[in-house]
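What follows is one structure encoded as structure tokens, with my remarks underneath.
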Amino acid sequence: MNKRAIVSLKVAVWIACLAPLGVLVYNGFQNNLGADPTATVTHATGFATLRLLVITLAITPLRRLSPRLSWLVRFRRVLGLFAFFYGCLHLLTWLWLYSGFSGAAMLDDLGKRRYIMAGMAAWLLLLPLAATSTNWSIRKLGGKRWQALHRLTYVSAILGVIHYWWIVKSGVRTPINITLVLAILLLARMVWWMRESVNRQARVGSLR
């Protein structure tokens with residue numbers, strides 16, 4: 001893929017990633033955030049976080065399916081950082097709009113609402129990943145350690161899905177689609193790991 005195409009795709013990715021925020025801002029100015037604007041903002045930022053996390057996790061399996069898709073790796077970092085960005089906005093809605101930056105209110109919520117604990121854990125796992133997203137961090141940590149650290153993305157996504165299931169009312173099945181997609185990505189990861197393990201054992205056996 002030539003440089004011009006990569007630049008065009010990067011612009012498209014940035015526009016797509018900023019679209020949920022743009023829609024929120026536009027609807028806010030139009031006073032069109034529904035009967036509960038706080039809930040609308042919370043849900044929109046939460047959905048954006050989860051979707052971007054899952055898309056980020058899908059890049060590696062897609063690259064493995066076809067070498068022609070190797071260019072996708074160029075967008076993994078920006079997608080991951082945008083997931084963290086929306087995660088921060090999602091957290092901010094709770095800190096500001098729900099808790100009013102009150103420590104007592106936050107502690108009370110954490111004690112009473114398990115979905116908040118799951119969401120907070122998911123965000124905390126994303127924090128070191130965002131902090132080590134630079135090329136300098138990769139060189140400093142070393143490729144293997146950096147990759148091991150960034151596998152926490154899967155754990156964060158799982159906690160995010162749990163957060164989603166716990167926050168919806170009993171009987172609501174809206175989280176099912178993203179849960180299935182994440183399950184497929186996790187299964188693909190496990191299959192690849194087992195395949196690599198078998199190949200390593202075969203190579204070791206051939207050297208004996």
Side-chain angles (χ1 to χ4, degrees), residues 13-14 16-21 24 39 41-65 69-70 72-95 109-110 113-134 137-138 141 143-169 172-196:
V13 167
W14 273 77
C17 288
L18 287 170
L21 179 61
L24 275 179
V41 172
T42 303
H43 295 159
T45 53
F47 294 154
T49 304
L50 261 183
R51 287 168 183 164
L52 285 167
L53 265 183
V54 169
I55 292 170
T56 303
L57 291 173
I59 288 177
T60 297
L62 288 173
R63 287 174 60 217
R64 287 169 177 166
L65 283 174
L69 297 175
S70 59
L72 286 172
V73 73
R74 295 172 180 261
F75 304 99
R76 185 167 55 190
R77 180 183 302 177
V78 68
L79 289 168
L81 288 173
F82 265 112
F84 179 68
F85 168 70
Y86 280 106
C88 289
L89 293 181
H90 187 63
L91 175 63
L92 184 61
T93 60
W94 173 62
L95 295 175
D109 268 351
L110 284 169
R113 296 173 174 85
R114 60 180 183 173
Y115 65 83
I116 293 179
M117 295 185 68
M120 181 65 74
W123 182 83
L124 286 172
L125 288 176
L126 288 180
L127 187 58
L129 306 187
T132 57
S133 63
T134 62
S137 297
I138 298 174
L141 290 171
K144 289 186 177 180
R145 282 189 294 178
W146 185 88
Q147 287 180 350
L149 174 65
H150 280 252
R151 290 191 186 105
L152 289 176
T153 310
Y154 284 95
V155 183
S156 180
I158 291 169
L159 287 169
V161 168
I162 292 172
H163 170 73
Y164 192 3
W165 277 106
W166 282 350
I167 202 171
V168 298
K169 294 180 180 179
V172 174
R173 294 291 180 263
T174 50
I176 192 67
N177 291 333
I178 200 160
T179 303
L180 289 174
V181 173
L182 180 59
I184 291 169
L185 293 176
L186 289 169
L187 180 61
R189 179 86 189 184
M190 291 175 62
V191 170
W192 178 263
W193 180 83
M194 289 188 291
R195 181 180 174 183
E196 285 293 292

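In this chain, residues are counted from 1 in sequence order.
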Quick one: list whatever passes side chain to side chain contact (heavy atoms under 4.5 Å, CB included) with Arg77, sequence neighbours left out.
-> Leu81, Ser133, Asn135, Ile138
Student check: side-chain heavy atoms of Leu21 and Leu89 closer than 4.5 Å = yes
Before giving the answer on side chain to side chain donor-acceptor pair (under 3.5 Å), spell out for Trp165 and Thr179 the whole-Å C-alpha distance, their side-chain angles and the decisive distance to 0.1 Å.
-> CA-CA 9 Å; Trp165 277 106; Thr179 303; 2.8 Å; yes
Set of residues satisfying ring pair (Phe, Tyr, Trp, His ring centres under 6.0 Å) with respect to Trp14, sequence neighbours excluded | Phe82
Is Cys17 close to Val78 at the side-chain level, that is, under 4.5 Å between some pair of heavy atoms?
-> no
Listed by chain and number, what are the ring pair (Phe, Tyr, Trp, His ring centres under 6.0 Å) partners of Tyr86, not counting sequence neighbours?
-> none
For His150, side chain to side chain donor-acceptor pair (under 3.5 Å) partners two or more places apart | Thr132, Trp146
Within a radius of less than 6.0 Å around CE of Met120, do more than 12 heavy atoms belonging to other residues, nucleotides or ligands occur?
-> yes
Rounded distance [0.5 Å steps], CG in Leu127 versus CG in Leu152 | 11.5 Å
In chain order, what residues pass the salt bridge (charged side-chain N to carboxylate O under 4.0 Å, His left out) check against Arg113, with sequence neighbours excluded?
-> Asp109
Sidechain-backbone polar pair: His90 side chain, Thr42 backbone, donor-acceptor under 3.5 Å = yes
Rounded to the nearest 0.5 Å, what's the gap from CG on Leu79 to CZ on Phe85? Could you check?
-> 14.0 Å
What pairs with Phe47 under ring pair (Phe, Tyr, Trp, His ring centres under 6.0 Å), at least two apart in sequence or on another chain?
-> Tyr164
Step through the shown structure and confirm whether more than 12 heavy atoms of other residues, nucleotides or ligands are within 6.0 Å of CZ on Arg195.
-> no
Which word best sums up how the rings of His163 and Tyr115 line up, parallel for under 30°, tilted for 30 to 60°, or perpendicular for over 60°?
-> tilted
